Number of protein chains: 2
Amino acid sequence: MLDKIKSARAGLRKSEQKVADAVIEDPDACVQSSIQSLAQRALVSEPTVIRFCRALGCVGFQQFKLRLAQDLASRDAFFYQDVTAEDSSRDLAGKLLDGAIASLVQIRNQLNHEALELAIELYENCDRVELYGSGGSAVVAQDAQLKFFRLGKPAIAYSDPHIQHAAAALLDRSALIIAISHSGRSRDILRTVEIARGMRAKVISVTATKSPLAEQSDVCLSVDILEDSDVFSPVKSRLGQMVVLDILAVGVAVRGGEQMLEQLARARRAIDFKFL
Amino acid sequence: MLDKIKSARAGLRKSEQKVADAVIEDPDACVQSSIQSLAQRALVSEPTVIRFCRALGCVGFQQFKLRLAQDLASRDAFFYQDVTAEDSSRDLAGKLLDGAIASLVQIRNQLNHEALELAIELYENCDRVELYGSGGSAVVAQDAQLKFFRLGKPAIAYSDPHIQHAAAALLDRSALIIAISHSGRSRDILRTVEIARGMRAKVISVTATKSPLAEQSDVCLSVDILEDSDVFSPVKSRLGQMVVLDILAVGVAVRGGEQMLEQLARARRAIDFKFL
DNA sequence: ACCGCAAGGTAGTTATATTACTTAAATATG
DNA sequence: CATATTTAAGTAATATAACTACCTTGCGGT
């Protein structure tokens with residue numbers, strides 16, 4: 001809804017734009033106020049507010065307020081809370097799940113679509129894929145390998161840094177590597193990427209924005225999750241990384257058109273019965 | 001809010017309970033209707049509706065409606081949609097993320113807290129943990145191993161079914177196994193669990209409710225995610241499994257009290273700089 | 001300069017929420 | 001057991017908010 005207002009703004013009349021600005025400036029206040037106070041704040045008349053609502057496809061001010069309220073609610077429904085020693089297992093489950101959900105919501109709001117497009121193109125122009133991740137990120141790399149190797153090009157994941165170095169030294173310009181790291185500051189992964197780039201391989205990173213790793217890659221799919229408070233390893237960024245890689249893989253598959261999707265679905269069914 | 005109404009219902013007066021029932025019966029209709037229509041539907045007078053709102057801590061009907069609307073919005077903000085070949089990469093990312101988020105929300109709403117308590121107890125009473133998962137679930141098992149081996153007892157994950165069989169045959173009553181499977185119907189995992197139970201080991205399963213695997217385990221942490229439409233492997237249930245296992249591990253840690261949490265946090269920081 | 005049309009405001013109407021008051025019911029008390 | 005007292009719930013009145021119809025202003029075209 002808020003996005004809708006922003007994109008519709010240009011097509012509105014002058015006074016209605018004032019209303020739009022007032023709403024955008026403080027949407028929370030807006031849902032609680034009446035037509036009058038909103039009109040005052042926007043320095044327009046009340047009917048103008050109504051016309052503004054109609055322009056956005058609502059029958060009236062009430063409906064507009066309702067929709068906006070729902071929009072705001074879904075924006076920050078799941079907020080992160082620290083786990084404490086006093087928590088019951090019930091509290092704890094709720095907090096951890098809310099935190100995980102919040103992190104995915106954050107990714108949804110921040111995902112760089114241009115980068116995604118570029119990443120898809122890099123895959124399409126490569127001959128083979130290698131996935132590098134260590135520690136917790138090794139799990140993500142392995143998961144992604146399962147997806148990518150079904151897309152028709154060889155895909156392999158390495159978790160040992162030394163093997164990563166060796167593998168990177170054997171790459172060429174037709175290779176694509178996907179480097180996964182939470183912080184984007186691990187020495188090992190940076191060295192690996194350096195070697196790979198030396199061999200003219202393309203690099204997609206799945207890591208934190210503006211980290212050294214992000215800087216050194218052709219495309220960075222950002223996963224910026226604060227994990228100060230995670231008791232263990234950064235589960236949340238791992239979830240985010242997995243989903244982002246899933247999006248990349250599905251994005252590639254969708255470029256292949258309906259028949260590729262169909263083929264993949266069949267492959268999946270075949271595996272399902274046997275393995276899971 | 002809806003839960004609040006349900007729990008507050010008993011403490012309300014008779015006619016206010018009628019209102020509560022009307023709201024619970026059709027909350028969606030409620031947010032769109034006026035005081036009048038709601039009063040009619042509940043067969044009470046309009047002031048009674050207001051008194052009901054006040055009893056719930058709202059200043060008036062409007063605020064009540066707003067809060068209810070926001071509650072409903074956050075309930076099903078992220079609904080699942082099929083990916084089609086016509087989707088842009090932007091559409092696709094949104095759909096996949098919404099689906100992933102929706103699946104976590106579902107887990108939050110359905111998580112069995114008694115089972116979680118029992119699972120924590122099983123861990124506390126065991127001497128060592130083995131994690132079994134094949135295919136996609138191998139990734140989850142490996143991820144969970146990283147968490148559990150920091151809790152002070154040996155933890156190991158096996159992904160090869162034959163090795164799982166062999167390992168299970170070497171267990172005893174002090175061992176705990178965590179069996180991970182999307183469907184809970186894989187022959188291999190069922191056979192492994194059968195062997196393990198024969199050796200009197202305890203079994204926690206992370207799988208679909210009422211599946212054969214769930215039936216054969218001491219405790220089942222349910223992860224019921226429909227994945228008919230996932231193009232690839234079941235990412236969503238994998239996310240769910242990972243989060244559920246994280247909850248279990250953190251639950252165990254929290255039982256260890258403040259100092260255990262502190263110790264784990266320190267361990268995490270030490271690893272962070274080196275590995276991620 | 002005049003006409004026409006669109007934008008935006010004024011004033012009035014209707015609907016809606018809220019208050020004050022009254023009646024009915026239930027419980028306590030002599 | 002009848003009467004007082006408190007509480008619950010409805011009626012009627014009022015204030016307020018939302019919406020409609022209409023009117024004025026300003027702009028672009030002939």
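As a basis for the values below, the full set of heavy atoms in this structure was taken, side chains included, without hydrogen atoms, waters or symmetry mates. Below, chain A is the first sequence line, B the second, and so on; all start at residue 1. For clarity, every value in this text was computed on a predicted model and none was experimentally measured.
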Between atom CD in A/Glu46 and atom C1' in C/dG9, what is the gap in whole Å? 11 Å
Side-chain contact test, heavy atoms from C-beta onward, threshold under 4.5 Å: evaluate it for A/Val203 versus A/Val219 and give yes or no. no
Applying ring pair (Phe, Tyr, Trp, His ring centres under 6.0 Å), run through A/Phe52 and A/Phe61 and close with a yes or a no. CA-CA 9 Å; A/Phe52 163 80; A/Phe61 181 65; 9.2 Å; no
Interatomic distance where CZ belongs to A/Phe61 and C1' belongs to C/dT14 [whole Å]: 18 Å
Do the side chains of B/Glu46 and B/Arg51 get close enough for a salt bridge, i.e. N-O under 4.0 angstrom? no
Does a side-chain N or O from A/Thr48 land closer than 4.0 Å to OP1 or OP2 of C/dG9, or not? yes
Whether A/Ser15 contacts C/dA7 is assessed here as follows: a side-chain N or O lying under 4.0 Å from the phosphate OP1 or OP2. Is that the case? no
Without decimals, in angstroms, what is the distance between B/Lys65 NZ and C/dT18 C1'? 14 Å
Pair B/Asp26, B/Asp28 - check side chain to side chain contact (heavy atoms under 4.5 Å, CB included), show working. CA-CA 5 Å; B/Asp26 193 350; B/Asp28 294 281; 3.9 Å; yes
Looking for any heavy atom pair under 4.0 Å, which part of the strands does A/Ile35 touch: base, sugar-phosphate only, or nothing? sugar-phosphate
B/Ile107/B/Ile225 under side chain to side chain contact (heavy atoms under 4.5 Å, CB included): CA gap, chis, key distance, verdict: CA-CA 8 Å; B/Ile107 286 175; B/Ile225 308 284; 4.2 Å; yes
Evaluate B/Glu16 against B/Thr48 for side chain to side chain contact (heavy atoms under 4.5 Å, CB included), listing each step before the verdict. CA-CA 6 Å; B/Glu16 286 171 16; B/Thr48 301; 4.1 Å; yes
Report yes if some heavy atom in the side chain of B/Asn112 is under 4.5 Å from a heavy atom in the side chain of B/Leu221; otherwise report no. no
Would you mind classifying the nucleic acid contact of A/Gln62 as base, sugar-phosphate or nothing, using non-hydrogen atoms under 4.0 angstrom? sugar-phosphate
Just the rounded figure in Å: distance from C1' of C/dA17 to CD of A/Gln36. 15 Å
Rounded to whole Å, NZ of A/Lys14 lies from C1' of C/dA6 at a distance of 11 Å
In whole angstrom, give the distance that lies between atom NZ of A/Lys18 and atom P of C/dA7. 15 Å
Go through it in stages, so that I can follow the logic: the residues are B/Leu56 and B/Phe64, the test is side chain to side chain contact (heavy atoms under 4.5 Å, CB included), and I'd like the CA-CA distance, side-chain angles, deciding distance and then a yes or no. CA-CA 8 Å; B/Leu56 284 154; B/Phe64 167 76; 3.9 Å; yes
Rounded to 10°, tell me the angle between the two end axes of the helix from C/dA1-D/dT30 to C/dG30-D/dC1, each built from five pairs. 10°
Positional range of nucleotides in DNA chain D within the contact set of chain A, heavy-atom, under 4.0 Å: D/dA17 to D/dT20
B/Glu124 with B/Arg255: basic N within carboxylate O range, under 4.0 Å: yes
For A/Arg51 and C/dT10, give me the distance from atom CZ to atom C1', rounded to whole Å. 11 Å
Please state how far atom CZ in A/Arg54 lies from atom C1' in C/dA7, giving the value in whole angstrom units. 16 Å
Would you mind telling me which residue lines up with the more 5' stretch of DNA chain D, A/Val59 or B/Val44, judged by nearest nucleotide? B/Val44
